[in-house]
Amino acid sequence: MEKQYEIFTRFLDRKGLKMTRSRKTILKAVFETHEHFNADQLYEQIRQQDQTVSRATVYRTIPLLVETGLVKQSMRRNSKNYYEHIYGHPSHLHLICARCGSIYEEKTGNLERELRKLCEKRKFRMDEFSITIKGLCRKCMERKG
């Protein structure tokens, strides 16, 4: 968590912004969350421990965390953006059940290497990639109806 704090503080300094107590609380909550989250879920999580952090501050801070590369928007479901912290985590893809909404993460294996080869061939610099596979999970396929 110390490295993430340092990265975010330097980023904010370059933008002429301060590392406020609220931003520090949000950063800590993001890295304590090991699930995909949307802004409202993060806000509710934070409010259980610190009622001084406003919903607006959460909504304004998430894009800053995305811009630093500590967090990324991983998907959009039910008209909401979902995020995950990515700093220090390997690339992965998402399998999303269209019926129950369950999310499964899988390592990319050789896929990332193949994508990098493709980009190199096209003289394209890949900064990140996001792969989402939608379908039905085993439980939903086994359910009747």
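Since the model is a prediction, treat every value here as computed from it, not as a measurement. As a basis for the values below, the full set of heavy atoms in this structure was taken, side chains included, without hydrogen atoms, waters or symmetry mates.
A heavy-atom distance below 4.5 Å is not found between the side chains of Thr33 and Gln41. A heavy-atom distance below 4.5 Å is found between the side chains of Arg55 and Asp40. Side-chain contact check for Glu84 versus His94: some heavy-atom pair is nearer than 4.5 Å. For the pair Lys15 and Glu67, the minimum side-chain heavy-atom distance is below 4.5 Å.
Cluster membership check: Tyr87 shares its hydrophobic cluster with Tyr83, using side-chain heavy-atom separations under 4.5 Å among Ile, Leu, Val, Met, Phe, Trp and Tyr. Leu17 and Met19 fall within a single hydrophobic cluster, where Ile, Leu, Val, Met, Phe, Trp and Tyr side chains are chained together by heavy-atom contacts under 4.5 Å. Taking hydrophobic clusters as Ile, Leu, Val, Met, Phe, Trp and Tyr residues chained together by side-chain heavy-atom distances below 4.5 Å, Val58 shares a cluster with Leu12. When the side chains of ILVMFWY residues are joined at heavy-atom separations under 4.5 Å, either directly or via intervening members, Leu42 and Tyr59 end up in two distinct hydrophobic clusters.
The two residues His36 and Ser74 have their closest heavy-atom pair at CD2-OG, 3.3 Å. Between Ile46 and Ile26 the shortest heavy-atom distance is CD1-CG1, 3.7 Å. Taking every heavy atom of both residues into account, Cys137 and Cys97 meet most closely at N-SG, 3.3 Å.
To the nearest 0.5 Å, the span separating CD on Gln4 from CG on Leu65 amounts to 10.5 Å. Atom CG in Leu70 sits 8.0 Å away from atom CD1 in Ile86 (nearest 0.5 Å). How far NZ of Lys80 is from CD of Gln73: 13.5 Å, rounded to the nearest 0.5 Å. A distance of 12.5 Å separates CD1 in Ile131 from CD in Glu106, rounded to the nearest 0.5 Å.
For Asp13, the side chain to side chain contact (heavy atoms under 4.5 Å, CB included) partners are Thr9, not counting sequence neighbours. With sequence neighbours excluded, no residue satisfies salt bridge (charged side-chain N to carboxylate O under 4.0 Å, His left out) with Lys134. Evaluation of the salt bridge (charged side-chain N to carboxylate O under 4.0 Å, His left out) rule for Lys28 yields Glu32 as partners, not counting sequence neighbours. Shown here are the salt bridge (charged side-chain N to carboxylate O under 4.0 Å, His left out) partners of Lys3, two or more places apart in sequence or in another chain: Glu6. Arg60 is linked by a salt bridge (charged side-chain N to carboxylate O under 4.0 Å, His left out) to nothing, counting only residues two or more places apart in sequence or in another chain. Remark: Tyr43 engages no residue in a ring-ring contact (aromatic ring centres under 6.0 Å, His included) (not counting sequence neighbours). For Thr52, the side chain to side chain contact (heavy atoms under 4.5 Å, CB included) partners two or more places apart in sequence, or in a different chain, are Arg21, Asp50.
Lys24 NZ: 12 or fewer foreign heavy atoms inside a 6.0 Å radius.
When hydrophobic side chains of Ile, Leu, Val, Met, Phe, Trp and Tyr are connected at separations under 4.5 Å, Leu136 ends up clustered with Met141. When hydrophobic side chains of Ile, Leu, Val, Met, Phe, Trp and Tyr are connected at separations under 4.5 Å, Ile96 ends up clustered with Met75, Tyr82, Ile103.
Screening residues 5-26 for ring-ring contact (aromatic ring centres under 6.0 Å, His included) gives no qualifying pairs among residues at least two apart or on separate chains.
Distance alone, capped at 3.5 Å, places no donor-acceptor pair between the Glu142 side chain and the Lys139 backbone.
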Acceptor/donor pairs from residues 107-115 side chains to any protein atom, 3.5 angstrom cut, sequence neighbours excluded:
from   : atom 1 : to     : atom 2 : distance (Å)
Asn110 : OD1    : Arg113 : NH1    : 3.2
Asn110 : OD1    : Arg113 : NH2    : 3.1
Glu112 : OE1    : Ser91  : OG     : 3.4
Glu112 : OE2    : Arg116 : NH2    : 3.0

Give every donor-acceptor pair under 3.5 Å between a side-chain atom in residues 117-126 and any protein atom, sequence neighbours left out.
from   : atom 1 : to     : atom 2 : distance (Å)
Arg125 : NE     : Asp127 : OD1    : 2.6
Arg125 : NH2    : Asp127 : OD1    : 3.0
Arg125 : NH2    : Asp127 : OD2    : 2.8

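Under the 30°/60° scheme for interplanar angles, the aromatic rings of Phe31 and His85 are found to be tilted.
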